[in-house]
Amino acid sequence: MEQLLQQIEAIKKEIAEATATGQAEVEQYRIKYLGTKGLVKQIMGEMKNVPNDQKKEFGQILNAFKLVAEEKLEQLQAALGDSAEVDDSKDYTLPGDTVTVGTRHPLNLVRNQMVSIFKRLGFAVAEGPEVEDDWHNFGAMNLPADHPARDMQDTFYVQEPNEEGAAWLLRTHTSSVQARVMETQKPPIRVICPGRVYRNETISARAHCFFHQVEGLYIDENVSFADLKQTLYFFVQEMFGKDVKVRFRPSYFPFTEPSAEMDISCQICSGKGCNICKHTGWVEILGSGMVHPNVLKNFGIDTEKYTGFAFGMGVERIAQLKYQVNDLRLYSQNDLRFLQQFKSV
Ligand code: DAH
């Protein structure tokens with residue numbers, strides 16, 4: 001035992017004298033004394049040879065020894081502290097690489113804003129498929145197979161109509177989502193349906209084969225045309241500011257009766273007359289009306305008890321008025337010079 005005690009004293013002395021001038025030397029110290037094969041472990045291993053009646057006393061000596069080794073390690077590390085080696089090969093004053101933050105697409109900016117305004121009025125968001133069947137896009141919306149109004153919208157067919165008129169197509173309007181909502185939900189219903197729609201049009205500055213709409217549908221007891229007008233008036237005021245003027249013109253849609261289109265005072269020329277408003281001072285932004293009883297009946301909704309209004313508006317048109325973009329093609333050309341102009345939070 002005597003020998004072991006001497007050995008411990010000798011190592012303690014060594015430890016007391018140990019120094020380190022850098023991280024590497026601290027690590028060397030750690031490995032030599034406190035590593036898995038270090039001296040402290042080795043001495044601890046001698047415990048098994050200590051007679052039982054001395055184990056307690058010896059255990060205390062060994063613990064104190066281990067502590068000495070550990071404290072020294074802390075001291076060495078602390079002493080290194082601020083003087084820790086600095087890597088001179090790097091210039092820490094150089095400015096960092098610029099991180100290019102992406103921008104949101106203008107149509108998404110406008111769509112999100114539209115959605116958030118209607119959400120505040122209690123509308124929930126509903127979505128439906130872009131590849132749609134004939135029933136949800138046309139039939140359910142009161143446009144039977146031979147209805148002339150089908151020609152109003154040039155349809156892209158995925159599968160041409162069969163003898164029964166069943167077909168697969170790219171939806172021509174988001175009104176198809178109305179049908180899907182009425183199929184699965186019972187009134188009261190209050191939804192908006194943002195989405196992409198497709199029409200077989202020659203691409204030009206003023207027309208594209210796909211564009212975006214936001215559809216709205218509100219069905220409950222006692223829903224009136226006054227509710228429709230007030231809701232849409234609120235919307236444009238939030239979107240364009242309190243000074244915006246609106247006017248409703250009678251119109252025709254198979255799925256609403258009565259139907260109306262809503263114009264707002266031109267946001268480009270403030271109503272004085274310009275290219276966008278074709279010198280009328282007014283710009284049409286949406287179609288709307290009271291949901292046709294045939295549409296409600298298609299989904300088993302009691303037309304004695306419930307009425308509703310619906311509307312559909314073009315996101316591109318709203319974006320055009322907000323950002324004065326005059327060529328629809330810009331939205332899908334992915335030109336970064338165009339896209340990077342739309343910064344947002
Ligand atoms: N679906 C029509 C279109 O694409 C827009 C529309 C008009 C939607 C009247 C409606 C509505 O819900 O009531 O031109």
Side-chain angles (χ1 to χ4, degrees), residues 111 114-115 118 123-128 130 132 134-143 147-156 169-183 185 187 189-201 206-220 223-233 235-236 246 248-264 283-296 298-299 301 303 306-318 328:
R111 196 239 355 241
M114 293 166 87
V115 167
F118 283 108
F123 284 78
V125 174
E127 285 182 315
E130 291 180 15
E132 193 46 286
D134 190 275
W135 168 249
H136 292 94
N137 194 77
F138 290 130
M141 299 312 290
N142 201 30
L143 282 121
H147 199 289
R150 285 192 179 213
D151 299 339
M152 278 161 62
Q153 303 178 347
D154 295 304
T155 311
F156 280 122
L169 46 86
L170 299 181
R171 67 180 178 198
T172 58
H173 53 184
T174 43
S175 302
S176 60
V177 189
Q178 274 192 40
R180 293 205 167 260
V181 169
M182 284 188 263
E183 201 169 56
Q185 295 178 29
I189 291 172
R190 206 179 328 176
V191 290
I192 43 163
C193 324
R196 180 174 288 176
V197 301
Y198 300 82
R199 287 184 202 176
N200 193 351
E201 306 240 16
R206 321 192 83 224
H208 211 292
C209 60
F210 69 79
F211 55 99
H212 301 80
Q213 291 185 327
V214 169
E215 187 85 9
L217 176 68
Y218 182 21
I219 303 173
D220 203 346
V223 174
S224 69
F225 203 88
D227 296 325
L228 163 95
K229 288 174 85 173
Q230 199 52 47
T231 303
L232 294 173
Y233 186 42
F235 166 74
V236 290
V246 296
F248 286 83
R249 282 178 292 102
S251 184
Y252 170 77
F253 299 102
F255 27 90
T256 44
E257 182 61 36
S259 306
E261 282 169 315
M262 189 175 94
D263 299 341
I264 61 169
V283 182
E284 179 211 321
I285 63 160
L286 58 83
S288 64
M290 300 306 290
V291 181
H292 198 292
N294 288 352
V295 174
L296 297 176
N298 280 335
F299 297 97
I301 294 171
T303 52
Y306 293 106
T307 49
F309 69 70
F311 57 87
M313 62 182 127
V315 180
E316 277 81 351
R317 174 54 60 86
I318 305 284
L328 276 178

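Nothing fancy with the numbering, it's 1 onward along the sequence. Numbering of ligands and ligand atoms starts at 1, following listing order.
Ligand 1 has no N or O atom lying under 3.5 Å from any N or O atom of Thr172, backbone or side chain. For the pair Ser288 and ligand 1, the shortest N or O to N or O distance does not fall below 3.5 Å.
Contact detail for Pro187 and Ile301: the closest heavy-atom pair is CG-CG2, 3.9 Å. Here the closest heavy-atom approach between residue Thr174 and residue Gln213 is recorded as N-OE1, 2.9 Å. Of all heavy-atom pairs between Leu228 and Ser288, the closest is CD1-CB, 3.8 Å.
Below 4.0 Å from some heavy atom of Gln178 lie the following atoms of ligand 1, by number and element: 12 (O). Those atoms of ligand 1 with a heavy atom of Gly289 less than 4.0 angstrom away are 13 (O). Listed by number with element, the atoms of ligand 1 under 4.0 Å from a non-hydrogen atom of Gln213 are 3 (C), 4 (O). Short contacts between ligand 1 and Thr256, defined as distances under 4.0 Å to a heavy atom of the residue, involve ligand atoms 13 (O). Which parts of ligand 1 touch Phe253 is read off a 4.0 Å heavy-atom cut-off, strictly below it: atoms 7 (C), 9 (C). Numbered from 1 in the order shown, with element, the atoms of ligand 1 that lie under 4.0 Å from a heavy atom of Ser175 read 1 (N), 8 (C).
Of the candidates Glu261, Arg171, Arg199, Arg199 brings a heavy atom nearest to atom 3 (C) of ligand 1. Distances from atom 8 (C) of ligand 1 to the heavy atoms of Gly312, Gly308, Ala310 put Gly312 nearest.
Residues Glu215 and Val191 are not in side-chain contact: their nearest non-hydrogen atoms beyond the backbone lie 4.5 Å or more apart. Using a 4.5 Å heavy-atom threshold, the side chains of Phe211 and Leu328 count as separate.
Residues Glu183 and His136 bring a donor and an acceptor atom of their side chains to less than 3.5 Å of each other. Residues Glu201 and His208 bring no donor and acceptor atom of their side chains to less than 3.5 Å of each other.
When non-hydrogen atoms are compared, ligand 1 lies under 4.0 Å from the side chain of Glu215 (C-beta onward) but not from its backbone. With a 4.0 Å heavy-atom cut-off, ligand 1 is reached by the backbone of Phe311 but not by any atom from C-beta on.
Between His173 and Phe253, the gap from one ring centroid to the other reaches at least 6.0 Å.
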